[in-house]
Amino acid sequence: MFLEAYDKKMKQLAHDEEKQLTARKENVERELKLLLLPKDPLDEKSVIVEIRAGTGGDEAGIFAGDLYRMYSRFAEIQGWKVEVLESSPSTQGGVKEIVAAIQGNKVYSKLKYESGVHRVQRVPATEQQGRIHTSAATVAVLPEADDIDIKIEAKDLRIDTFCSSGPGGQSVNTTYSAVRITHLPTGLIVSCQDEKSQIKNREKAMRVLRARLYELEQQKQHEAIAAERRGQIKSGDRSEKIRTYNFPQNRVTDHRIGFTVHQLDAVMEGKLAPFVEGLMAHYQAERLNEELTKA
């Protein structure tokens with residue numbers, strides 16, 4: 001009787017161990033396959049983040065400013081450095097557009113999936129009737145190019161200088177410190193007026209121009225991927241969203257992976273890790289499935 005009970009217990013232990021080892025084997029195999037996936041050479045790079053107000057008037061500008069603060073706080077948590085390269089303020093304390101450089105370790109690998117239309121649902125500070133409004137802002141994340149990545153010929157540039165202006169278009173100084181650079185072959189135009197020094201504004205504008213040209217070059221080399229990336233941005237219409245921030249319900253939903261958290265206040269304070277990790281895992285799984293299908 002004792003031996004039968006002992007044998008039964010040992011069989012159960014062996015069965016349980018087999019299940020654990022099988023599960024561990026599957027996890028290890030998956031991790032190995034992920035490690036064997038071709039690395040994105042851009043993942044190590046710092047980035048240029050461009051945030052623009054979309055549909056929604058003043059509230060869209062306020063939300064664009066909120067998104068910039070969210071990414072700035074996330075960068076601070078990661079130990080990254082944030083530098084504003086260009087900003088265009090709007091009324092009510094928002095921004096029409098803000099362009100910032102975020103420098104650090106593997107910035108692009110964590111922020112590249114943030115490109116797209118972000119939608120907000122809340123009662124604006126300017127709303128007198130307490131009605132919920134829906135607004136949108138677009139985010140574009142570009143890998144920052146080094147001098148060795150992209151070469152810009154002086155003959156291909158037209159550089160204009162002008163006086164900096166404020167929210168209403170009024171001149172805020174009398175010196176020609178603001179810089180507008182036009183890349184003649186592509187028609188790309190970059191302006192910068194944040195600094196009082198024309199030289200510093202020119203340096204910042206060149207960084208943005210270099211990043212945009214680098215992105216164009218990447219598009220030529222990887223047209224299929226670039227088509228998807230361009231499709232993420234679209235026109236800034238509220239319906240073309242990748243993520244929704246619902247303030248009344250304290251809820252943030254990423255529509256690409258169907259992931260929702262009810263901690264919007266924490267997300268706006270830069271606690272983006274659950275979304276970043278979820279998106280990285282999702283697209284890694286997609287790439288793995290593609291590789292396995294090819295095999």
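Predicted, not measured: the structure shown is a model, and the values here were computed from it. The chain is numbered in sequence order, starting from 1.
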In Å and rounded to the nearest 0.5 Å, what is the [atom1] to [atom2] distance from [X] to [Y]?
{"X": "Gln121", "Y": "Asn246", "atom1": "CD", "atom2": "CG", "answer": "4.5 Å"}
{"X": "Glu144", "Y": "Tyr108", "atom1": "CD", "atom2": "OH", "answer": "13.0 Å"}
{"X": "Leu184", "Y": "Arg158", "atom1": "CG", "atom2": "CZ", "answer": "6.0 Å"}
{"X": "Lys96", "Y": "Asp58", "atom1": "NZ", "atom2": "CG", "answer": "10.0 Å"}
{"X": "Asp254", "Y": "His282", "atom1": "CG", "atom2": "NE2", "answer": "9.0 Å"}
{"X": "Arg202", "Y": "Ser177", "atom1": "CZ", "atom2": "OG", "answer": "14.5 Å"}

If every non-hydrogen atom of [X] is compared with every non-hydrogen atom of [Y], which pair is closest and at what distance?
{"X": "Ser135", "Y": "Gly56", "answer": "OG-CA, 3.7 Å"}
{"X": "Ile51", "Y": "Leu67", "answer": "CD1-C, 4.1 Å"}
{"X": "Arg243", "Y": "Leu272", "answer": "NH1-CD2, 4.0 Å"}
{"X": "Ala64", "Y": "Ala53", "answer": "CB-N, 4.1 Å"}
{"X": "Ala137", "Y": "Ala60", "answer": "CB-O, 4.5 Å"}

Could you check whether any side-chain heavy atom of [X] comes within less than 4.5 Å of a side-chain heavy atom of [Y], counting everything from C-beta outward?
{"X": "Lys45", "Y": "Leu42", "result": "yes"}
{"X": "Ile48", "Y": "Val141", "result": "no"}
{"X": "Lys112", "Y": "Asp43", "result": "yes"}
{"X": "Ile181", "Y": "Asp160", "result": "no"}
{"X": "Met206", "Y": "Val190", "result": "no"}
{"X": "Arg131", "Y": "Val123", "result": "no"}
{"X": "Val252", "Y": "Thr244", "result": "no"}
{"X": "Arg251", "Y": "Tyr245", "result": "no"}

Residue pair His255, Ile242: steps toward the side-chain contact (heavy atoms from CB on, under 4.5 Å) verdict:
CA-CA 5 Å; His255 304 287; Ile242 63 166; 5.9 Å; no
Under 4.5 Å between side-chain heavy atoms, counting indirect links through other Ile/Leu/Val/Met/Phe/Trp/Tyr residues: same cluster for Ile150 and Ile189 or not?
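Unlinked, Ile150 and Ile189 end up in two clusters.
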Check this for me: does any side-chain nitrogen of one of Glu83 and Arg207 sit under 4.0 Å from a carboxylate oxygen of the other?
yes
Checking the side chain of [X] only, and the main-chain atoms of [Y] only, is there a donor and an acceptor separated by less than 3.5 Å?
{"X": "Arg256", "Y": "Tyr113", "value": "yes"}
{"X": "Glu86", "Y": "Gln193", "value": "yes"}
{"X": "Ser90", "Y": "Val95", "value": "yes"}
{"X": "Ser46", "Y": "Gly104", "value": "yes"}

Could I get the full list of ring-ring contact (aromatic ring centres under 6.0 Å, His included) partners for Phe259, not counting sequence neighbours?
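Expected list: Phe275.
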Would you sort out whether Leu279 and Ile257 count as a side-chain contact (heavy atoms from CB on, under 4.5 Å), showing the intermediate values?
CA-CA 7 Å; Leu279 287 162; Ile257 56 177; 4.0 Å; yes
Ignoring hydrogens and angles, write down the donor-acceptor pairs under 3.5 Å from the side chains of residues 70-79, residues two or more places apart or on other chains.
residue	atom	partner	partner atom	Å
Tyr71	OH	Glu114	OE1	2.6
Ser72	OG	Tyr68	O	2.9
Arg73	NH1	Glu269	OE2	3.3
Gln78	OE1	Lys110	NZ	3.0

Could you walk me through whether Lys204 and Glu195 pass side-chain contact (heavy atoms from CB on, under 4.5 Å), step by step?
CA-CA 9 Å; Lys204 286 186 174 184; Glu195 300 287 346; 2.7 Å; yes
Quick one, His118 with Val139, criterion side-chain contact (heavy atoms from CB on, under 4.5 Å). Give me CA distance, side-chain angles, the key distance, then yes/no.
CA-CA 7 Å; His118 296 242; Val139 175; 3.6 Å; yes
